[in-house]
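The structure appears below as structure tokens.
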Number of protein chains: 2
Amino acid sequence: MRISARTQYALGAMLALAVADRPVHAERIAVTQEIPRRFCDNILLQLRRAGLIRSQRGPDGGYWLARPAGQIALADVIRVTEGAEPPARPFSPAAAPLAEIWDRLRSHENALLSEITLADVIAAGDPRSPADASKDGGFRPSPNGLLDGGPRSTGNGSAAVGREAR
Amino acid sequence: MRISARTQYALGAMLALAVADRPVHAERIAVTQEIPRRFCDNILLQLRRAGLIRSQRGPDGGYWLARPAGQIALADVIRVTEGAEPPARPFSPAAAPLAEIWDRLRSHENALLSEITLADVIAAGDPRSPADASKDGGFRPSPNGLLDGGPRSTGNGSAAVGREAR
DNA sequence: ACCATTCCTACTATACAAGTAGGAATAATA
DNA sequence: TATTATTCCTACTTGTATAGTAGGAATGGT
């Protein structure tokens, strides 16, 4: 499970947008998430091109989520920043059964990251409210019980300002 | 789940040793596993230093497993070739809950790779015998059923020639 | 003595990750 | 319309890890 700095930053930025109730400047994201300023620009641009966030230029511009936080899975973000993985090198006959093992690991990882949404992560970090996270299949912090199955939570992530932009 | 060429090669080499019933030359391993010759040397050396295999120099020398194939988990091999992972970069407050998710992914991955032994992989690839793999918690190929729990298989991996070497 | 093999250190080449630079486009405001 | 704050875009630099190579020393069988 490789997590690049870029991906870590992108997730932080998305979470920052998810908790805000109005457009946020790149500057602010960079500071609060401790992302190098220009690199932050760079990442936000990539996220916008992928359709995960929207933006507005000029003074009073900023970024916001394209969809409610409850409808954006961690996997959605990670896929963008990590890009497509290079084709696996061919297996020798003796090592062929390993292919299936790698597949299973990838599947599990993918299933988990596709279940957990930005809203789930925020709920897990919020001192109040995490009690009812079990109801919607959300992610609960320490007292174990991750991914007990259940449908993806669909709550609006608090960041849905009515505003039209590209 | 990153798998470097080095790790893939190392696993192939270990499997090649696991199916052999006597010492195998680096040359032979390189050919059958399609590993660049000198690189193969390099990797075998690392595996020996880690105590996973033993060796003998000179004509009629070669390499063999230090322990039965049923007592060498994939994780044992991977740990050697991948080395220790670099310390994770600090999390911003908003992204803190992610730490636990990464932990769980790593744990699951580790648990799985620690359960599956070289002998299990060989059994999975072998046309005959994979039927009874379920008894010893082993890894079964396609007809699903991975990691049903159960203790690590302990069968001798067919490669235990009595021979003393460093 | 000869030869095949393992053993060891160090080196190179390439790719990718992380981050930077310079400025163009856009939009609010005065 | 000028100013200014912001996003937008391409391209560059730099560091680090991966993949693989080179040259030869040590060992052991015949």
Side-chain angles (χ1 to χ4, degrees), chain A residues 2-10 12-13 17 22-31 33-64 66 78 80-89 163-166, chain B residues 2-10 12-13 17 22-31 33-64 66 78 80-89 163-166:
Chain A
R2 158 98 182 129
I3 290 287
S4 66
R6 189 180 193 87
T7 292
Q8 186 76 275
Y9 288 153
L17 295 182
R22 39 188 226 89
V24 185
H25 291 168
E27 171 68 22
R28 184 163 161 69
I29 295 173
V31 170
Q33 302 302 311
E34 298 169 52
I35 306 173
R37 182 58 230 277
R38 302 297 298 260
F39 198 23
C40 187
D41 266 21
N42 193 318
I43 292 166
L44 288 168
L45 180 59
Q46 185 178 25
L47 290 172
R48 204 218 57 198
R49 281 175 170 161
L52 291 181
I53 61 178
R54 294 181 186 281
S55 60
Q56 168 83 312
R57 294 205 248 199
D60 201 38
Y63 298 88
W64 61 96
I78 294 171
V80 169
T81 52
E82 295 291 318
E85 49 194 327
R89 78 183 51 241
R163 188 161 182 180
E164 294 308 315
R166 31 159 139 197
Chain B
R2 158 99 183 126
I3 289 287
S4 67
R6 188 180 193 86
T7 292
Q8 186 77 273
Y9 288 153
L17 295 183
R22 37 187 229 91
V24 186
H25 291 168
E27 171 68 23
R28 183 163 161 69
I29 295 173
V31 170
Q33 302 302 311
E34 300 169 51
I35 307 174
R37 182 59 231 275
R38 304 290 309 253
F39 198 22
C40 188
D41 266 21
N42 193 318
I43 292 166
L44 288 168
L45 180 59
Q46 185 177 26
L47 291 171
R48 205 218 57 196
R49 282 175 170 161
L52 291 180
I53 62 178
R54 294 182 185 278
S55 61
Q56 168 82 311
R57 295 206 247 200
D60 201 39
Y63 297 88
W64 61 97
I78 294 172
V80 169
T81 52
E82 296 290 319
E85 50 194 327
R89 76 182 53 239
R163 189 161 181 181
E164 295 308 315
R166 28 158 138 198

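Worth knowing before you read on, the calculation uses all heavy atoms, side chains too, and leaves out hydrogens, waters and symmetry mates. A, B, ... follow the sequence lines: proteins, then strands. Residue 1 opens every chain.
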Discussion item. So which atom in Arg48(A) and which in Ile53(A) form the shortest heavy-atom distance, rounded to 0.1 Å?
Written reply: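 Heavy atoms of Arg48(A) and Ile53(A) come nearest at CG-O, 3.3 Å.
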
Practice prompt. Write down the atom of Arg6(A), the atom of Asn42(A), and the distance for their closest heavy-atom approach.
Written response: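 Minimum heavy-atom separation between Arg6(A) and Asn42(A): NH2-OD1, 2.9 Å.
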
Between [atom1] on residue [X] and [atom2] on residue [Y], distance to nearest 0.5 Å:
X        : Y        : atom1 : atom2 : result
Arg54(B) : Trp64(B) : CZ    : CH2   : 8.0 Å
Ile3(B)  : Ile78(B) : CD1   : CD1   : 5.0 Å
Leu17(A) : Gln33(A) : CG    : CD    : 9.0 Å

Between [N] ([atom2]) and [X] ([atom1]): distance, integer Å:
X        : N       : atom1 : atom2 : value
Gln46(A) : dT10(D) : CD    : C1'   : 15 Å
Arg57(B) : dT6(C)  : CZ    : P     : 10 Å
Ile43(A) : dC8(D)  : CD1   : P     : 14 Å
Arg37(B) : dG23(D) : CZ    : P     : 16 Å
Glu34(A) : dG19(C) : CD    : C1'   : 16 Å
Ile29(B) : dT6(C)  : CD1   : C1'   : 12 Å
Arg54(A) : dC8(D)  : CZ    : P     : 12 Å
Asp60(B) : dT6(C)  : CG    : C1'   : 13 Å

Of all the nucleotides listed ([options]), which has the minimum atom distance to the side chain of [X]?
X        : options                   : value
Leu45(A) : dT10(D), dT7(D), dA27(C)  : dT10(D)
Arg38(A) : dT27(D), dT20(C), dA4(C)  : dT20(C)
Arg49(A) : dA28(C), dT10(D), dA25(C) : dT10(D)

Item to complete: Output yes when at least one side-chain N/O atom of Arg48(B) is less than 4.0 Å from OP1 or OP2 of dC7(C), else no.
Response: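 Arg48(B) to dC7(C) OP1/OP2: side-chain N or O found under 4.0 Å.
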
Discussion item. If the cut-off is 4.0 Å, is Gln56(A) near the phosphate of dA28(C), judged by side-chain N/O to OP1 or OP2?
Written reply: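 Yes, Gln56(A) has a side-chain N/O under 4.0 Å of OP1/OP2 on dA28(C).
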
Worksheet item: When you match Asp41(A) and Gly58(A) each to their closest nucleotide on DNA chain C, which lands nearer the 5' end?
Response: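 The 5'-side residue here is Asp41(A).
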
Fill in: Option passing side-chain contact (heavy atoms from CB on, under 4.5 Å) with Tyr63(A) (candidates Val24(A), Leu47(A), Leu44(A))
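When Val24(A), Leu47(A), Leu44(A) are each tested with Tyr63(A), the side-chain contact (heavy atoms from CB on, under 4.5 Å) holds only for Leu44(A).
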
Worksheet item: With a 4.5 Å heavy-atom cut-off, do Thr7(B) and Arg2(B) have their side chains touching?
Response: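 No, too far: nothing below the 4.5 Å cut-off.
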
Taking only N/O atoms, report every protein-nucleotides 14-20 of chain D pair under 3.5 Å with atom names and distance.
residue : atom : partner : partner atom : Å
dA19(D) : OP1  : Ala5(B) : N            : 2.8
dA19(D) : OP2  : Ala5(B) : N            : 3.3
dA19(D) : OP2  : Arg6(B) : N            : 3.4

